[in-house]
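Written out below as structure tokens is the structure these notes cover.
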Protein chains: 2
Amino acid sequence: MLDRLRNEAINNNSNVKIKQAIAVKHTITRLYYEQTLSNLDLGRQLFMTPPSVTSILNSLIKEGIVEMKGRGYSNGGRKPMLYGLVPDFGYILSIDMDQYYTKMAIFNMHNINVTPIKTFHLRLNNERSTFDILVSEIHSLIEISTIDTSKILGIGLSMPGFVNTQLGVNFTFLNFGNEKPFRTLIEEEFGMPVFIENDASVLAIAENKFGLAKGVKNALVLKMSWGVGLGLILNGHLYRGHAGLAGEFSHIPIVDSEIICSCGKQGCLETETSALVVAKLAKEGIRNGKISSLQGMVNDDLDKIEAEMVVKAANMGDQYSVQILSIIGYKLGKGIAILMHLFNPELIVLGGNMAKANQFLTIPIQQALNKYCIPLIQENTRIVVSKLDENGGLLGAVAMVFDNIFVEKVK
Amino acid sequence: MLDRLRNEAINNNSNVKIKQAIAVKHTITRLYYEQTLSNLDLGRQLFMTPPSVTSILNSLIKEGIVEMKGRGYSNGGRKPMLYGLVPDFGYILSIDMDQYYTKMAIFNMHNINVTPIKTFHLRLNNERSTFDILVSEIHSLIEISTIDTSKILGIGLSMPGFVNTQLGVNFTFLNFGNEKPFRTLIEEEFGMPVFIENDASVLAIAENKFGLAKGVKNALVLKMSWGVGLGLILNGHLYRGHAGLAGEFSHIPIVDSEIICSCGKQGCLETETSALVVAKLAKEGIRNGKISSLQGMVNDDLDKIEAEMVVKAANMGDQYSVQILSIIGYKLGKGIAILMHLFNPELIVLGGNMAKANQFLTIPIQQALNKYCIPLIQENTRIVVSKLDENGGLLGAVAMVFDNIFVEKVK
DNA sequence: AATTACTTTTAAAATTATTTTAAAAACTTT
DNA sequence: AAAGTTTTTAAAATAATTTTAAAAGTAATT
């Protein structure tokens, strides 16, 4: 069964078998996302009668994929039997990379990590040695987990950069010329399906499945860290665009300045709103005589100032830090106004490590929206700060793998 | 059958009946969009075996919905029987409104108008009398068509303004306070389903079904006329946003100027790129001494200059008009660069009456993209000028009604 | 504590739908 | 004209789903 699902060999089978396979996948998916469901619950969701659901559940129980989870609530009548996934019928290996650090862990079908979350320094670039380190770290993670490779459903990789999920290529990082796509290299190394996705998109998946945007049809998720990434949930699905490059919010040309962006262009939003800019503004300001508790935090070695410190200082009452965040927030708000006019989302989730600035960003953002947004559009959109912790990316990558195997395939 | 489809009373029926109904709708939809298909073609598209398709087709033939259309091509073997919709099994009444003129006609199931296309002056506003005129014009159209009301599947309305399709409300026009939504008023008047949609979205549907964006998964359609409307086809479907307000490209804040936009804000793209601005620039320039053949076209009565004349003059070689369009195009291009970064579309279609400016707009747009767009994104997007004629809106509204009845319901 | 009413679950029968099989029909190519 | 293809249909076989009815389990009521 597992092999069948993993290799997806439903090729020249009959239509009926395809439909049955779909029903089975639906069942597993519902149980994965809602933990436990009764026979009737499943029937309602999948348009099946109780006997049909029973037959699917029984075969899944026989195969060790589903188990009974005790009885649920009833308001007068027999209590329904609840069914759930057997937590270790399969595992997903999740990897969350940023420019400097990589995190990874193996998760079971209850979304619980069965290995510790392993973090290590890894500078993302296009060198083969970086790839080799990544591979050996994955190998060692699998080894210490003592999980049989055949039980790992797939590997999910969240990465910054221009990622084309379908091709399995990251054009920005770990791109070694014209040979096989990055994803294929990993797939051949480990003999299991691999899915890569842009980090902001993964965060959007995480919010849409487990966070504040759970079940929301149209949501934008901003990942505010080195740059500003944008993940899009539109019509209930992740939106990737034609070549997987949608959501390049960081580089929309809306700034009137001479600064050249890392992408080579002028006028990118990123030149005025990223974490790098926060740190830069703080350094410059203090050098020009501004008073701030940041000085003390770095023992007057201003080069050590980082954006996260500014956020921390603001949260501790440092007025100059508040002021910097306010400037950044207002500029970001102007960018968000553009997003709201184009996407008219129900919800915007602010995520990434800069989101800890909370009201120091949200208030100036709202001020900018008051100025730049058509009221009718503004009224229809809520802006919230993510409640997912720093492992949101890992969770999102897990869900991404699950969806690729059980819901809708990209590749 | 028709009544069943129109009233969609598939409520407490069994799952099997629902699935059958879906197969029937799918069949009708494929025949609608592809004119004729063989038994095997349909089977391939709908995952059904020949006997299953036969039984559906036979019942549809018996009900007068489908008919045989002769035999198709075969490269060695029996020629397949082609099936198509009976053109007059149902009709759709389509209305395309802009700020000043309204067009309407009744179309059969082959997308051919069975009445002449009727155009009349109607200034869009929020007065009840405007509504009354619209209603009486629809009545008279139905009357001269001599079509039985029960054979009209529905009415499709394309309108400028902030349209919420689900609620059936246009917040900008024909909005009479707190009573019933506009759509309901029309529905009650004519006793048939009514669907309203923003004009740019309708144009996007038209391009996606019949135009250059046919079958394209991710396409943006710009309607360049009084303002600049944006219709979005994302993941193969029209994207409306949470409250139906997505695509407000006209009012994104990216301009540094003091001009107050019609929406009340400053800095809207519309203040620098709409047809109104084209006319304004032309008038101002000529008053300040620019030489142009436009002067002759209006007998020196500069107030009569309209954007369409500038386009015409440019097409006839007038250098000043070319220059104006070039300025507008470049600014529009900067806005399009933003769209490309956010949506990463496969295709951008330039439509609306200003699209006749063709290369006078596309060349400066490309210049702007060269400057403002990340090459990787630019490489993946084609920009083309619409080939639909001035009745594209009517066609789009027809397809919108069809899709609402046979494919996916919005309301 | 027993009864009633209600919900969930299962098993068997009945129904219905789909696929398979095989043959016939229609056509092209050799 | 014969051989080979493709489409189409009809009948038989198979498989799935629903219906029906009964059983099991629980809460509320008497």
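Residue numbers begin at 1 in each chain, while the letters A, B, ... track the order of the sequences.
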Kindly list each side-chain donor-acceptor pair under 3.5 angstrom involving residues 78-89 of chain B, sequence neighbours excluded, with atom names and distances?
none

Return the value, rounded to whole Å, for the distance between atom [atom1] of [X] and atom [atom2] of [N].
X     : N      : atom1 : atom2 : answer
B:N58 : D:dA10 : CG    : P     : 9 Å
B:L37 : D:dT8  : CG    : P     : 12 Å
B:Y73 : D:dT6  : OH    : C1'   : 12 Å
B:M68 : D:dT9  : CE    : P     : 7 Å
A:N39 : D:dT18 : CG    : P     : 12 Å
B:M48 : C:dT18 : CE    : C1'   : 11 Å
B:L82 : D:dT7  : CG    : P     : 11 Å
A:R44 : C:dT9  : CZ    : P     : 11 Å

Consider the side chain of [X], meaning its heavy atoms from C-beta on, and name the nucleotide among [options] that approaches it most closely.
X     : options                : answer
A:L40 : C:dT19, C:dT9, C:dA26  : C:dT9
B:T49 : D:dA10, C:dT18, D:dT17 : C:dT18
B:S52 : C:dT9, C:dT18, D:dT8   : C:dT18
A:M81 : C:dT9, C:dA25, C:dT20  : C:dT9
B:R71 : D:dT18, D:dT8, C:dT19  : D:dT8
A:P51 : D:dT8, D:dT19, D:dA27  : D:dT19

Can you check whether A:K79 has a side-chain N or O nearer than 4.0 Å to OP1 or OP2 of C:dT9?
-> no
Enumerate, atom names and distances included, each donor-acceptor pair closer than 3.5 Å involving a side-chain atom of residues 203-210 of chain A, sequence neighbours excluded.
{"residue": "A:E207", "atom": "OE1", "partner": "A:L212", "partner atom": "N", "Å": "3.1"}
{"residue": "A:E207", "atom": "OE2", "partner": "A:S386", "partner atom": "OG", "Å": "2.4"}
{"residue": "A:N208", "atom": "ND2", "partner": "A:A213", "partner atom": "O", "Å": "3.0"}
{"residue": "A:N208", "atom": "ND2", "partner": "A:V216", "partner atom": "O", "Å": "3.2"}
{"residue": "A:K209", "atom": "NZ", "partner": "A:D403", "partner atom": "OD2", "Å": "3.1"}

Counting any heavy atom closer than 4.0 Å, what does A:S55 reach on the DNA or RNA strands: base, sugar-phosphate only, or nothing?
-> nothing
Cationic N near anionic O, under 4.0 Å, B:D41 to B:R44 | yes
Side chains of B:L93 and B:F190 in contact at under 4.5 Å (non-hydrogen atoms) | no
Verify the distance criterion only: is there a donor paired with an acceptor across the side chains of A:S52 and A:T49 at less than 3.5 Å?
-> yes
